[in-house]
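Notes to accompany the following structure.
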There are 2 protein chains.
Amino acid sequence: MDIEDLRTFVEVADAGGVTPASRRLGISKSMVSRRLVRLEAELSVQLLARTTRGAALTEAGATFREYAARVVSEIDVARETVLPAGELRGRLRVAAPLSFGPTHFAPVLADMAARHPELHIHSCYTDRFVDLISEGYDCAIRVGMLPDSNLIARRIGPLTEDMWRRRPISRNMGHPKRPKSS
Amino acid sequence: MDIEDLRTFVEVADAGGVTPASRRLGISKSMVSRRLVRLEAELSVQLLARTTRGAALTEAGATFREYAARVVSEIDVARETVLPAGELRGRLRVAAPLSFGPTHFAPVLADMAARHPELHIHSCYTDRFVDLISEGYDCAIRVGMLPDSNLIARRIGPLTEDMWRRRPISRNMGHPKRPKSS
DNA sequence: CGCCATTACGCCTATCGTAATCATA
DNA sequence: TATGATTACGATAGGCGTAATGGCG
């Protein structure tokens, strides 16, 4: 049994469906679906009642979710405890605008990845205004004004006069809670 | 990360070497060795100090063993809890026709509940054609012909001549897809 | 030398994303 | 029709045991 299967199951249970979970986990829907099938096969128990519109926990699934969530967090703690600190490590998921990321941001990421071998950077370039929470990003690069939100923003580039004249930039952008996963 | 890797690691730590652990686990020595290598690679930490004569826990290994052992036993408990394994346990939600359930079906359920103390039976008698999925039922008793569906049906009562003459009863009723749950 | 851990080798299965399929609101 | 779950498919990677290799009593 794979820990990632457990993590996937918990994520699907929390997200309420395969598709949102796949976004938050950063893997394809097919893999999420197959991990669930595999997990249920290993247990010979149906954990999720899947409709075409989402997934709901079964009786057994609700029970198993408790254990799975505990095990997953135990493992995360164990990793963190055992690994000596100091070096940047883990997976960082970052989103950037398609019109800006590949040219300006990618080189910085490449350099960062080169300097921290244990750091795995997942970058996604899109002009869609991604929802950091539901899609599981750790942070995003934005250009321009930001709507008010309960996210944490930090300015990393200069303010142009044009930007400034309209109204001060919001300080809110980024991930709430859980800034860095193991 | 594979749970079996954790189990293997704990076994090696307890047995004091790869060879005895491989016998207790019933797999080849090479697999035990490779599982350890993989686990250490995933954690970027050496867990076991291997000499040619056996293996001893490192500092990090001793710490991780605690977590690993706990996780493995958690999973074992979870399996056991989720799998009915002989005794029926949990909550079963049943729907039955109002014109049939209270008289014919209720006594059976009462007997069943008496024989399985851990089994909580929620029964609902109605003549409405309930939607098993959206209303969260595990199964339903139906009388007569069934429309085609992707549910799983099992005949539990005799076919009357009257039924038979029209057309064979559908086999579909119960849970969607995934035919057999636990 | 003998015992134990590791690794090279070959077969086979599993994994993964993409894209097609299917079902439902 | 739009959204979401499953599955067919091909390429790649990984699991597995057997047997060969290497180190320490």
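What's counted below: heavy atoms across the whole structure, side chains too, no hydrogens, waters or symmetry copies. Note that the structure is predicted; figures quoted are calculated from it, not measured. Convention: sequence-line order gives letters A, B, ...; per-chain numbering from 1.
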Legend entry - Rounded interatomic separation in angstrom, taking CG from A:D2 and P from D:dG14: 13 Å
Inset, instruction - For B:E59, enumerate each residue passing the salt bridge (charged side-chain N to carboxylate O under 4.0 Å, His left out) test, keeping only those at least two apart in sequence or located in another chain. - result: none
Inset, instruction - Scan for salt bridge (Lys or Arg N to Asp or Glu O under 4.0 Å) pairs involving residues 95-108 of chain B, sequence neighbours excluded, and state none if there are none. - result: none
Inset, instruction - For B:R24, enumerate each residue passing the salt bridge (charged side-chain N to carboxylate O under 4.0 Å, His left out) test, keeping only those at least two apart in sequence or located in another chain. - result: B:E11
Legend entry - Partner set under side chain to side chain donor-acceptor pair (under 3.5 Å) for A:S30, not counting sequence neighbours: A:S28, A:R34
Legend entry - For atom CD of A:Q46 and atom P of D:dT6, their distance in whole Å: 10 Å
Inset, instruction - Mind calculating the distance between CE (B:M1) and P (D:dG14) to the nearest angstrom? - result: 16 Å
Inset, instruction - Measure from CD on A:E42 to P on C:dA14 and round the result to the nearest Å. - result: 12 Å
Inset, instruction - Figure out the CG/P separation between A:L25 and C:dG17, and round it to whole Å. - result: 11 Å
Would you tabulate the pairs of protein nitrogen or oxygen atoms and nucleotide nitrogen or oxygen atoms of nucleotides 5-9 of chain C closer than 3.5 angstrom?
from	atom 1	to	atom 2	distance (Å)
C:dA5	OP1	B:V18	N	2.8
C:dA5	OP2	B:T19	N	2.7
C:dA5	OP2	B:T19	OG1	2.3
C:dT6	OP1	B:R50	NE	2.4
C:dT6	OP1	B:R50	NH2	3.1
C:dT6	OP2	B:S33	OG	2.9
C:dT6	O5'	B:S33	OG	3.4

Legend entry - Between D:dA5 (P) and A:I27 (CD1): distance, integer Å: 13 Å
Inset, instruction - Tell me, please, which residues at least two apart from B:R23 pass side chain to side chain donor-acceptor pair (under 3.5 Å). - result: none
Legend entry - Salt bridge A:E40-A:R50, side-chain N to carboxylate O under 4.0 Å: yes
